[in-house]
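Just the heavy atoms: all of them, side chains too, but no hydrogens, waters or symmetry mates, feed the values below.
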Amino acid sequence: MLNNKEEKKEQNAVYLLPWVTAIAMFMQSLDGTILNTSLPSIAKNMGYSATEMDSVIVTYTLTLAMFIPLSGWLADRFGTRTMFMIAVLMFMTGSLFCALSVDLKTLNMARVLQAIGASMMVPIARLAILYQYPKNELLKTMNFITLFGLLGMVAGPSLGGFLSDNFSWHWIFLINIPIGFIGISMAYRIMPNFKHAVGRFDFRGLIYFSLALISITLVLELIGSGRIHMIVILSLLFLSGLLSLFYYIHYKRTEKPIIDLQLLNIRTLKIGLIGSLITRLGIGGLPLLLPLMLQTSFGYSASVSGLLLLPSALSNVAVKPFMVKIIKFFGYRTVLISNTILLGFILIILGFVTKETPLGYYILLMIFYGIFTSIQMSAMNTITLSDLDQDTASGGNTMLVIMQQLSVSFGVSVASLALSLFQTGIFELDTSKAFEYTFITLAVFTIFSSFTFSKLNKTDGEGYM
């Protein structure tokens with residue numbers, strides 16, 4: 001009888017485990033974007049200025065940077081199911097405390113707890129996927145869960161504005177609680193509790209690596225918010241470099257480092273990480289830039305500009321069933337090279353739209369943007385993990401999560417910095433021209449990433465298909 005139960009649970013894991021990961025991906029990406037449009041409402045309700053609310057974003061981002069390196073070790077030591085459920089519970093508890101916050105101090109404290117949970121949710125869920133599925137099933141599975149991350153990013157701004165305008169800002173946090181309960185319930189019944197032998201916890205390595213991440217994240221936050229204090233930024237960059245050097249020296253002397261840099265000898269992992277970072281420098285700023293351009297330069301309402309991102313989400317969904325066939329037919333190398341170039345052209349075209357451009361033209365561009373972005377994300381994530389095995393899956397997955405988290409900040413920061421330079425900096429262009437050159441700049445980054453992906457072999461990733 002027990003064997004039948006175990007067999008049934010294993011079958012459920014095969015079919016339903018991706019849904020657990022998808023819920024975690026959606027919840028984290030939704031939370032990462034839903035807050036931005038609600039910050040003015042929170043500031044007004046609590047009696048602060050909008051600029052004072054930046055600490056709510058910074059606190060969350062810095063906590064993520066500190067605790068992400070922990071996720072792989074904790075999952076291998078205590079089990080994927082155990083740690084995933086704890087992570088979601090912490091995220092839900094932090095969300096509840098955010099909704100109950102009465103001032104900026106209590107809100108920031110709640111965001112720390114929320115971020116600790118968020119730093120483990122997606123990495124551990126994806127790690128369970130890597131342990132559960134054979135390589136030839138991973139492309140289809142990763143393709144499925146990536147969709148929900150993209151949906152969360154697109155739905156967040158519109159949903160945040162709707163909840164704040166029609167209910168209250170508290171609901172942008174309370175919405176996480178029922179979703180979290182679903183995730184915990186499904187994980188308890190479905191997720192296997194994978195464990196792997198780990199050495200003694202590398203506390204010193206965590207301090208060096210996390211503080212280096214926090215330093216570079218602070219630089220990105222300062223640039224992204226327009227507060228470009230060169231002495232502070234240079235000091236933080238120096239500190240980040242120094243801590244990175246300390247970590248490298250420590251890594252060479254440690255048997256089981258928290259982040260195993262030797263994994264970068266895996267060629268597909270290295271190419272995937274570098275290529276993904278460069279690509280996201282280009283496309284990461286679009287969800288910020290497009291609504292901003294439509295509102296400030298062309299006079300569209302917040303609702304309309306937010307809804308214009310919806311076609312990209314719908315086309316993301318539409319192309320998913322064909323993803324595996326596309327990559328199988330063309331191969332990872334061809335797909336990633338051509339797709340980054342196509343994404344770059346979409347950004348260039350967006351730079352030349354005007355106030356008189358029909359809405360249908362935007363919608364068409366967003367459909368193509370959604371298709372190419374969907375292909376790009378699925379292909380980049382899976383090729384990065386394609387050559388990992390049971391021994392390297394945890395470390396490689398943690399590296400990918402760290403890169404993705406940094407690249408989100410990088411993308412927004414690069415877009416904000418470029419727009420600032422063209423609009424109010426050394427060029428002092430009018431608003432429409434500033435957006436035009438900013439989109440072209442981001443397109444250059446995106447197209448440039450094709451050179452990185454050209455280093456892939458034609459046969460790379462075949463085991464994933």
Side-chain angles (χ1 to χ4, degrees), residues 29 33 37 146-147 149-158 161 278-320 322-323 326 335-380 408 411-412 414-416 418-419 422-423 429-450:
S29 61
T33 55
T37 50
T146 301
L147 164 66
L150 294 168
L151 284 176
M153 289 177 67
V154 174
S158 300
I278 299 172
T279 302
R280 291 166 196 266
L281 286 179
I283 64 177
L286 185 75
L288 167 75
L289 281 179
L290 186 62
L292 192 62
M293 179 179 71
L294 293 173
Q295 291 177 59
T296 61
S297 186
F298 300 160
Y300 284 104
S301 67
S303 300
V304 171
S305 60
L307 285 173
L308 281 174
L309 289 173
L310 189 59
S312 69
L314 296 176
S315 57
N316 260 300
V317 177
V319 78
K320 287 299 178 183
F322 308 101
M323 192 72 67
I326 291 170
V335 165
L336 286 167
I337 292 173
S338 59
N339 206 66
T340 48
I341 295 172
L342 290 170
L343 274 170
F345 279 124
I346 292 291
L347 291 172
I348 291 172
I349 294 170
L350 280 170
F352 287 98
V353 297
T354 65
K355 188 176 182 179
E356 289 73 34
T357 301
L359 283 177
Y361 189 73
Y362 287 111
I363 293 171
L364 187 63
L365 284 174
M366 286 296 97
I367 289 172
F368 281 111
Y369 176 78
I371 291 171
F372 297 144
T373 302
S374 182
I375 294 171
Q376 191 71 18
M377 294 302 179
S378 292
M380 287 193 307
V408 170
V412 173
V414 167
S416 299
L419 182 60
F422 288 125
Q423 194 169 21
L429 301 172
D430 64 71
T431 304
S432 59
K433 278 291 181 184
F435 277 107
E436 176 184 324
Y437 285 115
T438 300
F439 274 109
I440 293 172
T441 302
L442 299 184
V444 170
F445 278 112
T446 307
I447 294 171
F448 184 72
S449 63
S450 64

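- What you find for Leu347 and Gly282 is that their closest heavy atoms are CD1-O, 3.9 Å.
- Annotation: the span from Ile326 atom CD1 to Ile375 atom CD1 amounts to 4.0 Å, rounded to 0.5 Å.
- Side-chain atoms of Met377 and Ile283, non-hydrogen and from C-beta on, do get closer than 4.5 Å to each other.
- In this structure a side-chain-to-backbone donor-acceptor pair under 3.5 Å is present from Thr340 to Leu336.
- A donor-acceptor contact shorter than 3.5 Å links the side chain of Ser315 to the backbone of Ile367.
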_Walk me through whether Leu350 and Met293 qualify under side-chain contact (heavy atoms from CB on, under 4.5 Å)._
CA-CA 10 Å; Leu350 280 170; Met293 179 179 71; 5.5 Å; no
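- In this structure, Thr357 contributes its side chain and Thr354 its backbone to a donor-acceptor pair below 3.5 Å.
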*Start with the C-alpha gap between Gln376 and Arg280, add the side-chain angles, then the distance that decides, and say whether side-chain contact (heavy atoms from CB on, under 4.5 Å) holds.*
CA-CA 10 Å; Gln376 191 71 18; Arg280 291 166 196 266; over 6 Å; no
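- To the nearest 0.5 angstrom, Leu442 atom CG is 14.0 Å from Ile346 atom CD1.
- For the atom pair Leu365 CG and Tyr361 OH, the distance stands at 5.0 Å (nearest 0.5 Å).
- Within 6.0 Å of CZ in Phe445 there are 12 or fewer heavy atoms belonging to other residues, nucleotides or ligands.
- For residues 348-358, there are no salt bridge (Lys or Arg N to Asp or Glu O under 4.0 Å) pairs, not counting sequence neighbours.
- Scored by the ring pair (Phe, Tyr, Trp, His ring centres under 6.0 Å) test, Tyr437 finds Phe422 as partners (sequence neighbours excluded).
- Separating the CZ atom in Phe372 from the CG atom in Leu343 is a distance of 7.0 Å, to the nearest 0.5 Å.
- Summarising the geometry of Thr438 relative to Ala415, their closest heavy-atom pair is CG2-O, 3.9 Å, with the distance given to 0.1 Å.
- The line from CG of Leu281 to OG1 of Thr441 is 12.0 Å long, rounded to the nearest 0.5 Å.
- Residue Leu289 comes nearest to Phe435 through the heavy atom pair O-CE2, 3.8 Å, listed as atom of the first residue, atom of the second, then distance.
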*Verdict with reasoning, Phe352 to Ile440, per side-chain contact (heavy atoms from CB on, under 4.5 Å)*: CA-CA 9 Å; Phe352 287 98; Ile440 293 172; 4.0 Å; yes
*Check step by step if side-chain contact (heavy atoms from CB on, under 4.5 Å) holds for Met366 and Leu286.*
CA-CA 11 Å; Met366 286 296 97; Leu286 185 75; 4.2 Å; yes
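- The heavy-atom pair separating Gly344 from Thr446 by the smallest distance is N-CG2, 3.9 Å.
- Between the OG1 atom of Thr373 and the CG atom of Leu342 there is a distance of 11.0 Å, given to the nearest 0.5 Å.
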